[in-house]
Each structure stands twice: as structure tokens, then as C-alpha cells.
Amino acid sequence: MTPPARPARPDVLLALAVAVPVGGWTLLLLWLALPGAWVPLLAPAVVVGHAAGAWRRSAPTGSFVVTSLACAVQVAVLPGDLPLLPSLLAFPLSLFAYCAHGGRRAPGAALVVGVAGAGAVALRAALSARVQLPPAFLAGFLLAIVLVAFSLGLFRRVQLAYVGELEHRAARAEAEREERAHRAALDERARIAREMHDLVAHSLSVIVSQAQGGRYAARARPERAAEVLRTVEEAGRQALTDMRGLLGVLRGGDDGDGLGPQPDLSRLPELLDRVRESGLSVDFAGTGTPGRLTPAAELAAYRLVQEALTNTLKHAGAGARCRIRFHWSDDRVEIEVRDDGSGPRPGDGAGHGLVGMRERMAVAGGSVTTGAAPGGGFLVSALLPRRAVTTGEERERA
């Protein structure tokens, strides 16, 4: 993260907290102990050295350079008969900040400058008549101060890097969560689009087929027209019910209005009755021991039969017949829907429904094969693996 160009308020307050007592004490010593000729040069160095601490995080390199030069001026200009000034305390503080917030090479540069500065100050103090400490002890003491400031700065640098890595991982995890949510929303849109296609296409196909039959029945057999209209009404009412439930999911309401269960194979006879009433001859048979599928597989199987019947109504032509076969075995269930009509032609709109079949079966772990049937007509063949099947006996034990 790029640091701000201006110093932050905590940095300014910390610089003032150090500059007021330490810098004020230093200026008082200069005024009392030094001739007036030294004060104009040392006083600005003291003030600038402490003021640079306000930029210790926003501009760590510049702050460290200015503080180091200010302290170097104080050490070089101060007369030899005077002790060290308290304002030199700004140097280890600046070294700590530079190690913590500086660039990649900051710790190494800070250590070199700190060791050189400790040696220079120790040599300067050794030349002062007022300092009675052994030079070796004083040099070791100043070097210890530099190493402590360097170590603390390095520790703070590692700490900040660790926190920054945690923040980066949190931001990356949040971005991944948003991406997963976006993909889930797209998948849900595709699922809803398939649902809308299935229920609207099927219901409208039944209604159109019944309306065509009703037009002829109204001329030849008026009493038959009432039955046709009743079938149209039931198909339209069922379509509205299904669509209301689907739109209820989109609204996300909590009142449960219209949010009925998704269709499964238990509603297959009802579907076949509606199709037969529309005039299509449908033959259904099942072999093996019937079982229940998972909810996703139940919905996929139901929609597959529904879409296949819809395509037969739309494209097979008048007088077509449809056969539906379910074969249950220990490891899979096979579904076959076959008609003897002309089948869909290129460009007549059958492609989206076939794609929806494959997508639904893929979600349930199955597969679909579609195409011309041997001997004429159109064939839809699907297979669901055993892991998607629960037999009636297993369901009772569960």
C-alpha cells in the first residue's frame, strides 16, 4: 500500500512528544553553555532532526536521511569540551522507523549507518573532557542502542509484512467468494431458463394441439369442443401454477405462496394423461424393480420425458405415436422415448430443449443420446448410474 504524502496525525503527535522535552532541553543547554556563534548552526539542526520524525512512515527514507544529517552536524560542530546533546536521541528512533517502513534494502542501510554513527559519537565523546566513561564501554553502549533500535525495527517490519499478507489473503478469499457467488448465480439463471423452457414449451404445445383439434371439433362435433376447452384450461392452469412457483423462487418471498415442490416421476402419469388428451398416442412401460432417484435425478428424468413429448407434439406430425420405456437394473436406470413421426428438422427450434436435456442429465450424473431412430422417427435415450438410484427397499430401511 502506498503511504500518504502527508504525515499522519499520530506521527506528528509522537514527533512533538519527543521534540518538546528533548529538543527544548537541548536548546536550553546550547543557550547556556555555547557562545552565540554556535547556536545559529546547531539550533536549526536540532529542530530539523526532530521535525523529520513526523514523516517517519509517510516518507521513511527522507526522514531517516534528514535526521542522520542533522545528528551528524551536531556531532561535528559541537565543541570538544562539551558532552553529547540529548537531541541525538532522535537518531535511534528514526533508525527504528526506517527499518520498519523503508524499502527492501532499508534494514541493511540502516545498520551500516547506525554502526558508523555509533562509532563517530563514541569517538566524539572520548575527546570530550567532561565524559569520564571508558571509550570501549561507551562505544559498546551506543552500539547496543543501535542494535536494539535495528532489532525492534526489523521485528516491526516482519509484523507489518505478516499483517499485509493476511489482508491480501482475506481480500483474495473475498474475491474468490464473490466469483463463486457469481458463478452460482449464472448457474441458477441457466437452471431457471431450462425450467421456463420446459414448462412453457410443453404447456403451449399441448394448448396449441388442443386448440387445433377444438377448431375442427367445433364444426363436426360441438360437444367435443367443451372437452377440448377443458383440457386447454387444465394445461394453462398447470403452466401458471408451475410458473408461479418458479417466479416465487426468484422473488425470494418467505410466505411460501406458490413455492410447491419440483415435479418428479410420481407426476409422470399426470403428464402422460395431459399429452394423451391433446391427441398424441402414448404407450408407457417399465421393466425391472422401480426405485426412487435423488431429487435432481427425479427432476431431470421428468423433464426429459416432458421435453421429448413436447418435441413429438411439435415436430412428429399428425397421427404420430410415442413409446416410453423405463428399464430399472441394479446399477442403472435406462429411459427411452421414441416416436414414429418425421422428427425435428434443422432450424425448427428443437435445439434448446435437447441441450437442456443433456445439461440436466449431466447434473444428475447421467447422459443423453438423441437422434433419428432406426426405421424412422426420433429417439431420446438416457442413462442414470446406480449411485443416483434408491430402491424402494433401501428407502424403507433409511
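No hydrogens, no waters, no symmetry mates; every other heavy atom, side chains included, goes into these values. Since the structure is predicted, the reported quantities are computational estimates derived from the model, not experimental observations.
Nearest heavy atom pair, residue Gly102 against residue Arg157, reads O-NH1, 3.0 Å. Contact record, Pro60 with Ala97: CB-O, 4.5 Å, taken as the closest heavy-atom pair. Counting all heavy atoms, side chain and backbone alike, Val146 lies closest to Ala118 at CG2-CB, 4.0 Å. Nearest heavy-atom pair, Arg156 versus Ala100, reported as atom, atom and distance to 0.1 Å: CG-CB, 3.7 Å.
If you chain together ILVMFWY residues whose side-chain heavy atoms come under 4.5 Å of each other, Val112 ends up in a group of its own.
By the 4.5 Å heavy-atom criterion applied to side chains, Arg332 and Leu384 are not counted as neighbours. Within the 4.5 Å cutoff, side-chain heavy atoms of Cys99 are placed close to those of Leu95. For the pair Val337/Glu307, no side-chain contact is recorded, criterion being any heavy-atom separation below 4.5 Å from C-beta on. Between Leu304 and Val380, some side-chain heavy-atom pair lies under the 4.5 Å cut-off. Put simply, the side chain of Leu299 does not reach to within 4.5 Å of the side chain of Asp264, judged on heavy atoms. Using a 4.5 Å heavy-atom cutoff, the side chains of Asp273 and Arg276 are in contact. No side-chain heavy atom of Ile335 sits less than 4.5 Å from a side-chain heavy atom of Ser381. A 4.5 Å side-chain heavy-atom check between Phe326 and Thr287 finds every atom pair outside the cut-off.
Counting non-hydrogen atoms of neighbouring residues, nucleotides and ligands closer than 6.0 angstrom, the CZ atom of Arg105 reaches no more than 12 such neighbours.
Shown are Arg338, Arg321, Arg325; of these, the side-chain hydrogen bond (donor to acceptor under 3.5 Å, both in side chains) with Asp283 is made only by Arg325.
Proximity of a side-chain donor or acceptor of Asp340 to a complementary backbone N or O of Gly377 within less than 3.5 Å is not detected. Remark: the backbone N or O of Leu383 is not paired with any side-chain donor or acceptor of Glu334 at under 3.5 angstrom.
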Side-chain donor-acceptor pairs of residues 163-171 under 3.5 Å, sequence neighbours excluded:
unit_1 : atom_1 : unit_2 : atom_2 : d
Glu165 : OE2    : Arg169 : NE     : 3.2

Can you give me every donor-acceptor pair (side chain of residues 65-72, partner residue at least two apart or in another chain, under 3.5 Å) with its distance?
unit_1 : atom_1 : unit_2 : atom_2 : d
Thr67  : OG1    : Gly49  : O      : 3.3
Thr67  : OG1    : Ser63  : O      : 2.9
Ser68  : OG     : Phe64  : O      : 2.7

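Phe96 and Phe150 have their aromatic ring centers separated by at least 6.0 angstrom.
Using a 4.0 Å cut-off between charged nitrogen and carboxylate oxygen, Arg274 and Glu277 do not count as a salt-bridge pair.
Interatomic distance, CD of Glu176 versus CZ of Arg172, reported as 6.5 Å (0.5 Å rounding).
Residues Phe284 and Val305 are members of one and the same hydrophobic cluster, defined by side-chain heavy-atom contacts under 4.5 angstrom among Ile, Leu, Val, Met, Phe, Trp and Tyr.
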One pair to check against side-chain contact (heavy atoms from CB on, under 4.5 Å): Leu280 and Asp339. What are the steps and the verdict? CA-CA 10 Å; Leu280 178 64; Asp339 63 62; over 6 Å; no

